[in-house]
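Have a look at the structure below, then the notes.
This structure is a prediction, so every number in the text was calculated from the model and none was measured. Both backbone and side-chain heavy atoms feed into the values below; hydrogens, waters and symmetry mates do not. A note on names: the letters A, B, ... follow the listed sequences, proteins ahead of strands, and every chain is numbered from 1.
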Number of protein chains: 2
Amino acid sequence: MSPYDPSAFPPFAVTVDLVVLTVRRHALCALVVKRGEPPFQGRWALPGGFVRGDEDLAAAAARELAEETGLCAHDPGRPGVDNGAHLEQLATYGDPKRDPRMRVVSVAHLVLAPDLPAPRAGGDANSARWAPVDELLAAGDAEAPGGLAFDHAQILGDGVERARSKIEYSSLATAFCPTEFTVGELRRVYEAVWGVALDPRNFHRKVTGTPGFLVPAGGTTTRQGGRPAQLFRAGGATLLNPPMLRPEV
Amino acid sequence: MSPYDPSAFPPFAVTVDLVVLTVRRHALCALVVKRGEPPFQGRWALPGGFVRGDEDLAAAAARELAEETGLCAHDPGRPGVDNGAHLEQLATYGDPKRDPRMRVVSVAHLVLAPDLPAPRAGGDANSARWAPVDELLAAGDAEAPGGLAFDHAQILGDGVERARSKIEYSSLATAFCPTEFTVGELRRVYEAVWGVALDPRNFHRKVTGTPGFLVPAGGTTTRQGGRPAQLFRAGGATLLNPPMLRPEV
DNA sequence: CCAAAAGTGTTAGCAGTACACCCATGG
DNA sequence: CCATGGGTGTACTGCTAACACTTTTGG
């Protein structure tokens, strides 16, 4: 009963699926692509693809992300290019029946990205879109007519929940913002991800008072109207202490 | 570029590895087994094995756990038997070089178990043991002479870190205790997992004051010496609000 | 001037820390 | 009687929620 007998093992396909989240028009949105072939032809699904034979899981996720969006992800585990997007492993889904054709184990990854000009799916313009996660999750799973393909509704739900909890105790919310942003813009990110309203005064005090969370970028902007707001960049801190508190309600 | 072309995919082996943690003699310990064959013959490794062709990932982890320890795990996702042990997916490790023989993707799972009489490894008595995680992690990775095989030091470290953070905001620490336990025993679990000393008075107030964390079991015990202590069972609550606070230092 | 958004000040209340103190048992 | 661990009371402190108020722009 050796745990590793390389001669006899069942054949698996291993894929990566991506939950790519961004905040657009004050709503948390996910990237979905339209399937061009069965099963679930014409249905929306999470972007993803096979892991290559000589490729690490995180590398496969970063490659798929670049192919689908042009984004260059920053993997905290692999210091290198950082174009603002955050990438981390989410969970692995391996129900024997999750793909009707064969045994596919999918390692889902979570990507948090700033608002992008427009999605591009390998040149095919209208086969990819940003959709509010509320709509996607309300549409149900693959059993429902308009639901996401495969178990992608489950994966998306897990990714959204991860994002909602992680911005509480980490500085990850800044990954949804452009390089320079205002406190108000950061607050609208929290409000969109959590779906709540936050007190602007207390929020301002809290984020500017947490050491390492934000560093002043020097300028100001009035792009939100009203009094000019200071511009900030993400600071070096990754863990927030004390954490941001999500209102109960 | 379909993300799912079942005709051409690289062949992967998929395994589950288990980080089984318990608290013994005031120390956080992990279950390790001695490898009987190359590579890393004679080295200690995490228990694990291949996922069968028709088996879910969680089912494979529960099966391996039962084979190695006789424990019947409770998977929150699959309501059923609950013998105290907690099982959850940890993370997936897929470096192309993590197994020198072939491409193996391992879905690691985390198990939190109460202190057990003795480990049993499929009848082979001295090929499995509980080892303090401090010793295992101090021994280094597979490059070091006494380190765990493969990337299991990394996996163990991730599992320990997960356990340390999860007992902050969930009631999972009770998974380390027998069915009935005292507040002092629960406190010693926190102290062992975090490696800190906690104020017994404040701890008592905190856990008994958090609704749903503990329910009185009725009796008392003096097995720790001193004044008899009330016995409790784990309550229904899974998330603690407010959380337990891990001292900084 | 008015609306809108950015910031600052103030207060009440709550939760955590530290520690004095009492309780109930075994030896 | 004393050591040991269980359990309660209390003062102090820091964080948060709530909200009044001032600042600086655009229209």
Before you tell me yes or no, could you show the steps for R43(B) and L148(B) under side chain to side chain contact (heavy atoms under 4.5 Å, CB included), namely the whole-Å CA-CA distance, both residues' side-chain angles and the distance that decides it to 0.1 Å? CA-CA 7 Å; R43(B) 299 281 280 267; L148(B) 289 176; over 6 Å; no
Could you check how far CG of L231(A) sits from P of dG7(C), rounded to whole Å? 9 Å
Is there a donor-acceptor pair closer than 3.5 Å between any side-chain N or O of K166(A) and the backbone N or O of A173(A)? no
Got a list of side-chain donor-acceptor pairs under 3.5 Å for residues 187-195 of chain B, not counting sequence neighbours?
residue	atom	partner	partner atom	Å
R187(B)	NH1	E191(B)	OE2	3.3
Y190(B)	OH	I167(B)	O	3.0
E191(B)	OE2	L198(B)	N	2.9
W194(B)	NE1	R164(B)	O	2.8

Whole-Å distance between dG16(C) P and L198(B) CG? 13 Å
What residues from residues 207-218 of chain B pass a heavy-atom cutoff of under 4.0 Å to DNA chain C? none
From CG of D199(A) across to C1' of dC15(D) the rounded distance in Å is 15 Å
Check whether T69(B) reaches the backbone of A66(B) with its side chain - one donor and one acceptor, N or O, closer than 3.5 Å. no
Tabulate protein N/O versus nucleotide N/O from nucleotides 3-7 of chain D, keeping only pairs under 3.5 Å, one per line.
residue	atom	partner	partner atom	Å
dG6(D)	OP2	R187(B)	NH2	3.3
dG6(D)	N2	R227(B)	NH1	2.8
dG6(D)	N3	R227(B)	NH1	3.1
dG7(D)	OP1	Q230(B)	N	3.0
dG7(D)	OP2	H204(B)	NE2	3.4
dG7(D)	O5'	H204(B)	NE2	3.3

Shortest non-hydrogen pair, A108(B) vs I155(B), comes out as CB-CG2, 3.6 Å
Derivation and outcome, side chain to side chain contact (heavy atoms under 4.5 Å, CB included), residues T182(B) and L231(B): CA-CA 5 Å; T182(B) 70; L231(B) 286 169; 3.9 Å; yes
Tell me yes or no: between the side chains of D17(B) and Y93(B), is some donor less than 3.5 Å from an acceptor? no
Specify the separation, in whole Å, of atom CG of L186(A) and atom P of dG7(C). 12 Å
For dA15(C), does OP1 or OP2 lie under 4.0 Å from any side-chain N or O of K206(B)? no
R205(B) side-chain proximity, nearest of dT25(D), dC19(C), dA17(D): dC19(C)
Counting N and O atoms only, with roles assigned by atom type, does the side chain of T22(A) sit under 3.5 Å from a partner on the main chain of P114(A), one being a donor and the other an acceptor? yes
Specify the separation, in whole Å, of atom CZ of F203(A) and atom C1' of dC15(D). 17 Å
Please give, in whole Å, the distance from dA20(D) C1' to N202(A) CG? 12 Å
Let's go through D141(A) and Q154(A) carefully: what are the C-alpha distance in whole Å and the side-chain angles of both, what is the deciding distance for side chain to side chain contact (heavy atoms under 4.5 Å, CB included) to 0.1 Å, and is it a yes or a no? CA-CA 7 Å; D141(A) 60 10; Q154(A) 168 82 39; over 6 Å; no
Measure CG/L240(A) against P/dT16(D) and give the value in whole Å, please. 11 Å
E168(B) has an atom CD; how far is it from atom C1' of dA15(C), in whole Å? 16 Å
